[in-house]
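To keep things clear, I will list the structure first and then write my remarks on it.
When reading the values below, keep in mind they use all heavy atoms of this one structure, side chains included, and skip hydrogens, waters and symmetry mates.
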Amino acid sequence: MEDILALIEGFMKRVFKESMGVDIPTPFPRLTYKEAMERYGSDKPDTRYAMEITDIGQEVKNCGFGVFTGALENGGKVAAITAKKAFSVLTRKEVDKLTEFVRGIGAKGLAWARIGEDGTIASSFAKFMTEDEMAAILERADAKAGDVVEFDFAEVLDKDGNFYNINYRSAQPIIHYTTKPGQQTYHARFTFYGFRYIRINEWCEDIRPENFAALVMHTDMERTGYFSCGNSKINKLYENAIWSNRDNFLDIPTDCPQRDERLGWTGDTQIFAGAAAYLADIRSFMHKWLGDARDSQQGFDGAYCDVIPRVFTGNNGNAAWGDACLIVPNKLYEMYGDTEILREHFDSMEYYMQYLEQFGLEGPNTAYGDWLNYDVTDKRYIAVAYYAYDAALMKKFCEILGKPERAEYYAELRERIVSHFRCRYIENGDLTIKTQTAYLLALAFDLVPAEDRQAYIDRLEKKIIDNDYTLSTGFVGTGILNQTLEKLGLHSLCYSLLLQTRDPSWLYSVRQGATTVWERWNSYTLERGFGDVGMNSFNHYAYGAVAEWLYSGMCGIKPDTEMPGWEHFFLAPTPDMRSDDELPEGQKRINMARAA
């Protein structure tokens, strides 16, 4: 038995050391069954809380409380449990529940005493005790005030400066710690918190800022990108994108780090992947996640789950979400020249394309559409567009991997999808769906006739200008917004959208003091206050996808997709050359930008 325990201890010690840098002492503390029952009244005690049973028979054997003396005279036992600071918050009903608890470990009843912060004593039996007897009981039980630490976390404060974390939903962002004697350091080892503010509810001494430190947790990725420009708000937006990236790339690319979710939503991941690849070396991180993606297909006919790793049996193969597992490998190929991931992941991607065949030319499922948009785009339109993009990517991958027959198959499939798209969504030389996102997808994925392309570009430009240089896109449209406008030659429009400060815009959250990227354009507005608490994260990287354009567009640092992995690249900055007539009211030109 000792050999087995030593083996387990050695394994755990190594895991903690290599994964967390924590050197845990061995051998581990051990309790026999007899010791556990005597000290805690349970063979499975929770030793995080100092709730030991203490024998106080000697202290009460001569007291005037007949319940105690009678128990001793009949061969029984009188014991105490110290519940640190509990009675400052427990109701009478909760005390009754504790009475039931002690009966469950063999006690006949529960008498209680409470010590206030000022040292005063309230008790159900103190009137039967002398002062010396009461003091002896409390000393024996090690009962004293001020030995619990509790604080909780929030992302934001309300307009009156009050703590606000109801948007965490059912998550309980609380640390409750019972101190032990002497100086000590505590940090959570089995959870993490997404926060900007800490509220101290209980503390054992004077509160000093130097007693606290925030530990940033994220996957170890080498930072590779740096950017700054002559506009402080844009610099702050960029910094916010970095922080949301770091806060959410922790083993998997999560949507948010704070509420009762923290899931690997695929749509968010593919939308931000281009920006993330400029900010840091994400290759190994995404290789691991794409392995999780392959696991998620098993038993679901090839459909990628919308959340990876899979935690739902539903939520499969939705447009812009399931497609992430083709889009992310493409980003890895373009940014790192990574053909390894294409080979490793190819069968999985073909499995997904086989799954999509059951829907004819209609594309993936349509659960989300242009998520959190201001101008609704038909969900099926988005699905058909993404299906065409999927086929184009598969053709590209087949050509790279030397699979000419499969490349020909996917080229023909894309032609059929595009033809279906045009029959369904183009009438009289224009789209039947006329949102910003609709035009962006049609142009980004090359779905409109080449001879009419400029007319579609002109219509997209007009839609944005007529909207007073304000975007109306959700996750899908925003993920490709400035990147597509750049490729279309609408450089001035990129700057006018970037520098917009009204809702909805990238700088609206910055204007409200944001330190990370928000989930919604209107997570908080001056007019309406906080958004729907059911889904309102203040740390969601998706809209930070514009950071990709800061590098590739504004500063013009672009990989050559024909010679990927920066073997050959382009330097083609597009400075802010807007004329006075093109400048929206209140905007000034950005006169300097640098990136590396």
Side-chain angles (χ1 to χ4, degrees), residues 229-238 240-241 369-378 430-444 454-514 517-529 531 542-547 549-550 553-554 574-591:
C229 71
N231 185 295
S232 61
K233 290 186 176 66
I234 301 303
N235 292 338
K236 184 60 178 173
L237 172 65
Y238 172 76
N240 292 357
D370 190 21
W371 191 246
L372 298 180
N373 53 74
Y374 272 41
D375 195 1
V376 178
T377 302
D378 177 72
D430 196 7
L431 297 176
T432 58
I433 311 297
K434 302 180 186 296
T435 63
Q436 292 179 13
T437 293
Y439 283 103
L440 286 165
L441 289 172
L443 291 163
Q454 187 58 50
Y456 288 92
I457 294 172
D458 294 342
R459 292 182 190 115
L460 172 59
E461 180 180 25
K462 185 175 187 302
K463 281 199 72 66
I464 295 173
I465 293 173
D466 288 350
N467 201 39
D468 202 12
Y469 296 96
T470 302
L471 53 79
S472 62
T473 50
F475 278 28
V476 167
T478 304
I480 59 172
L481 179 52
N482 270 26
Q483 297 91 314
T484 301
L485 295 178
E486 176 71 27
K487 292 174 182 177
L488 300 177
L490 300 176
H491 312 301
S492 295
L493 207 54
C494 292
Y495 281 99
S496 295
L497 283 172
L498 180 70
L499 292 169
Q500 179 62 260
T501 61
R502 293 191 308 274
D503 171 34
S505 68
W506 286 293
L507 293 187
Y508 184 76
S509 62
V510 172
R511 204 179 69 170
Q512 312 309 315
V517 178
W518 292 355
E519 178 177 20
R520 297 173 176 270
W521 296 121
N522 59 350
S523 285
Y524 177 85
T525 66
L526 296 174
E527 297 79 16
R528 297 182 297 275
Y543 286 146
V546 70
W549 176 80
L550 298 179
M554 184 184 295
T574 53
D576 187 354
M577 301 295 290
R578 291 175 296 171
S579 67
D580 291 344
D581 291 339
E582 291 178 306
L583 281 174
E585 184 179 355
Q587 290 192 17
K588 295 180 179 179
R589 297 179 193 86
I590 294 177
N591 55 18

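Crowding of Lys233 atom NZ: a count of heavy atoms from other residues, nucleotides or ligands under 6.0 Å not exceeding 12.
When ring centroids are compared, Tyr495 and Trp549 come within the 6.0 Å threshold.
Taking Lys463 as the reference, nothing meets the salt bridge (charged side-chain N to carboxylate O under 4.0 Å, His left out) condition, with sequence neighbours excluded. Judged as a side chain to side chain donor-acceptor pair (under 3.5 Å), and not counting sequence neighbours, Glu461 has no contacts. Remark: Ser509 pairs with Ala514, Trp518 by the side-chain contact (heavy atoms from CB on, under 4.5 Å) rule, at least two apart or across chains. Among residues two or more places apart in sequence or in another chain, the ring pair (Phe, Tyr, Trp, His ring centres under 6.0 Å) test is passed with Tyr439 by none. Not counting sequence neighbours, Arg520 has no partner by the salt bridge (charged side-chain N to carboxylate O under 4.0 Å, His left out) test. Partners of Asp581 under the side-chain contact (heavy atoms from CB on, under 4.5 Å) rule, at least two apart in sequence or in another chain, are Ser579. Taking Lys462 as the reference, Asp466 meet the side-chain contact (heavy atoms from CB on, under 4.5 Å) condition, with sequence neighbours excluded. Shown here are the side-chain contact (heavy atoms from CB on, under 4.5 Å) partners of Glu527, two or more places apart in sequence or in another chain: Tyr508, Thr525. Residues that satisfy the ring pair (Phe, Tyr, Trp, His ring centres under 6.0 Å) test with Tyr469, not counting sequence neighbours, are absent from this structure. Scored by the salt bridge (charged side-chain N to carboxylate O under 4.0 Å, His left out) test, Lys434 finds Asp430 as partners (sequence neighbours excluded).
Using a 4.5 Å heavy-atom threshold, the side chains of Glu582 and Ser496 count as separate. Put simply, the side chain of Asp370 does not reach to within 4.5 Å of the side chain of Thr435, judged on heavy atoms. Side-chain contact between Ser505 and Leu497: absent, with no pair of heavy atoms (C-beta onward) separated by less than 4.5 Å. Taking the side chain as every heavy atom from C-beta outward, Val476 and Leu440 never approach each other to under 4.5 Å. Annotation: side chain of Gln587 is not in contact with side chain of Asp576 (no heavy-atom distance under 4.5 Å). No side-chain heavy atom of Thr470 sits less than 4.5 Å from a side-chain heavy atom of Tyr374. Contact check for Leu237 versus Leu507: side-chain heavy atoms found under the 4.5 Å cut-off. In this structure, Asp375 and Gln436 have side chains that are not in contact, with every pair of non-hydrogen atoms separated by 4.5 Å or more.
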Worked check of side chain to side chain contact (heavy atoms under 4.5 Å, CB included) between Leu441 and Ile480: CA-CA 8 Å; Leu441 289 172; Ile480 59 172; 3.9 Å; yes
Derivation and outcome, side chain to side chain contact (heavy atoms under 4.5 Å, CB included), residues Ile465 and Leu493: CA-CA 8 Å; Ile465 293 173; Leu493 207 54; 4.0 Å; yes
From CA spacing to verdict: side chain to side chain contact (heavy atoms under 4.5 Å, CB included), Leu372, Phe475: CA-CA 7 Å; Leu372 298 180; Phe475 278 28; 3.9 Å; yes
Lys588 and Leu499: CA distance, side-chain angles, deciding distance, side chain to side chain contact (heavy atoms under 4.5 Å, CB included) verdict: CA-CA 8 Å; Lys588 295 180 179 179; Leu499 292 169; over 6 Å; no
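Donor-acceptor pairing under 3.5 Å is lacking for the side chains of Thr437 and Thr473.
With hydrogens and angles disregarded, no donor-acceptor distance shorter than 3.5 Å links the side chain of Asn482 to the backbone of Val546.
Annotation for Ser472 and Asn467: closest pair CB-ND2, 4.2 Å, computed over non-hydrogen atoms. Summarising the geometry of Ile590 relative to Met554, their closest heavy-atom pair is CD1-CE, 3.9 Å, with the distance given to 0.1 Å. Asn235 and Cys229 make their closest contact through OD1-N, 2.8 Å (heavy atoms, listed as atom of the first residue, atom of the second, distance). In plain terms, the two heavy atoms of Tyr543 and Trp506 that are nearest each other are O-NE1, 2.9 Å.
Note that CG of Leu498 is 3.5 Å distant from CD1 of Ile234, once rounded to the nearest 0.5 Å. Here the straight-line distance linking atom CD1 of Ile457 with atom CG of Leu485 works out to 10.0 Å at 0.5 Å rounding. Atom CZ of Arg578 and atom CG of Asp580 lie 10.5 Å apart (nearest 0.5 Å).
Every pair tested for salt bridge (Lys or Arg N to Asp or Glu O under 4.0 Å) that includes a residue from residues 473-500 fails, sequence neighbours excluded, so the list is empty. Screening residues 503-512 for salt bridge (Lys or Arg N to Asp or Glu O under 4.0 Å) gives Asp503-Arg528 as the qualifying pairs, with residues at least two apart or on separate chains.
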